[in-house]
Amino acid sequence: QVQLQESDPGLVKASQTLSLTCTVSGGSITTNRVYWTWIRQPPGKGLEWIGNTYSGNTAYSPSLKSRTSISWDTSKNQFTLQLSSVTPEDTAVYYCVALSQNYWGQGTQVTVSS
């Protein structure tokens, strides 16, 4: 069964770039028909789709596109999120998800300090 695990960046300071890595086990990120996805949930708010990579392509939320980059490393079976110029509004629990299969990581807390 596919399992996903987010890295733990700890505290991130405003204006820095957030980097998160999702490590996939039990499956390959090169598998077709899987949207390898980043989703976040700010405190007290709903889930927000950030973007994904699918069959070598990427897609991003329009509200975050200018600051977001998603890539993958097939040799390590990982995909990554980079979110630049972070502010306290980017504080959230971040999840990596195999969306088409509904496999979720446990989430990692990202706190952005000003």
S.K.: Would you name the heavy atoms of P42 and G46 that are closest together and state the gap between them?
M.R.: CD-O, 3.5 Å

S.K.: Does one hydrophobic cluster hold both W49 and V86, with members joined at side-chain heavy-atom distances below 4.5 Å?
M.R.: no

S.K.: At their closest point, which heavy atom of T23 faces which heavy atom of Q78, and how far apart are they?
M.R.: OG1-NE2, 3.0 Å

S.K.: Hey, is the main chain of S84 close enough, under 3.5 Å, to the side chain of R67 for a donor-acceptor pair?
M.R.: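 Confirmed, R67 side chain pairs with S84 backbone.
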
S.K.: Does any non-hydrogen side-chain atom of T58 lie less than 4.5 Å from one of F79?
M.R.: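 Heavy-atom side-chain distance check fails, nothing below 4.5 Å.
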
S.K.: Donor-acceptor pair, Q82 side chain versus S19 backbone, under 3.5 Å?
M.R.: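 A pair under 3.5 Å: no.
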
S.K.: Could you check whether any side-chain heavy atom of L18 comes within less than 4.5 Å of a side-chain heavy atom of P9, counting everything from C-beta outward?
M.R.: yes

S.K.: Considering non-hydrogen atoms only, spot the tightest contact between P43 and A92 and give its length.
M.R.: CD-CA, 4.4 Å

S.K.: State, to 0.1 Å, how close S114 and A14 come at their nearest heavy-atom pair, and which atoms those are.
M.R.: CA-CB, 4.0 Å

S.K.: What distance do W36 atom CH2 and L81 atom CG have between them, rounded to the nearest 0.5 Å?
M.R.: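 Going from the CH2 atom of W36 to the CG atom of L81 covers 15.5 Å.
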
S.K.: Quick check: are there more than 12 heavy atoms from other residues, nucleotides or ligands sitting under 6.0 Å from CD of Q3?
M.R.: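 Atom CD in Q3 is not packed in, count stays at 12 or less.
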
S.K.: Would you give the length of the straight line joining atom CG of N77 to atom OG1 of T30, rounded to the nearest 0.5 angstrom?
M.R.: 7.5 Å

S.K.: Would you confirm whether T53, through its side chain, and I70, through its main-chain N or O, come within 3.5 Å as a donor-acceptor pair?
M.R.: no

S.K.: Honestly curious: do V34 and Y60 fall in one hydrophobic cluster under the side-chain, below-4.5 Å linking rule?
M.R.: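 Shared cluster, yes.
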
S.K.: Say you draw a straight line from OG1 of T108 to CD of Q5; how long is it, rounded to the nearest 0.5 Å?
M.R.: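 So the gap between those two atoms works out to 8.0 Å.
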
S.K.: Testing the basics here: between I50 and I39, what is the closest heavy-atom pair and its distance to 0.1 Å?
M.R.: CD1-C, 4.1 Å

S.K.: Taking distance alone, no hydrogens or angles, what donor-acceptor pairs closer than 3.5 Å link side-chain atoms of residues 94-105 to residues at least two apart or in another chain?
M.R.:
residue: Y94; atom: OH; partner: R40; partner atom: NH1; Å: 2.9
residue: Y94; atom: OH; partner: D90; partner atom: O; Å: 2.7
residue: S100; atom: OG; partner: R33; partner atom: O; Å: 2.6
residue: N102; atom: OD1; partner: W104; partner atom: NE1; Å: 2.9

S.K.: Show your working on side-chain hydrogen bond (donor to acceptor under 3.5 Å, both in side chains) between D73 and S75 and close with a plain yes or no.
M.R.: CA-CA 6 Å; D73 185 340; S75 67; 2.6 Å; yes

S.K.: Please answer whether the main-chain N or O of V112 pairs with a side-chain N or O of T91 as donor and acceptor at a distance below 3.5 Å.
M.R.: yes

S.K.: Looking at T37 and Y35, would you say the former's side chain and the latter's main chain have a donor-acceptor pair under 3.5 Å?
M.R.: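 Side chain of T37 to backbone of Y35, a donor-acceptor pair under 3.5 Å: yes, one is there.
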
S.K.: If you group Ile, Leu, Val, Met, Phe, Trp and Tyr by side-chain heavy-atom gaps below 4.5 Å, do V24 and W72 land in one group?
M.R.: yes

S.K.: Measuring from atom CH2 of W38 to atom OG of S61, what distance do you get when rounded to the nearest 0.5 angstrom?
M.R.: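 One finds 15.5 Å between CH2 of W38 and OG of S61.
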
S.K.: Are V93 and L20 joined in one hydrophobic group, where the rule is that I, L, V, M, F, W and Y side chains link up if heavy atoms are under 4.5 Å apart?
M.R.: no

S.K.: So, N32 side chain and S55 main chain: donor-acceptor pair closer than 3.5 Å or not?
M.R.: no

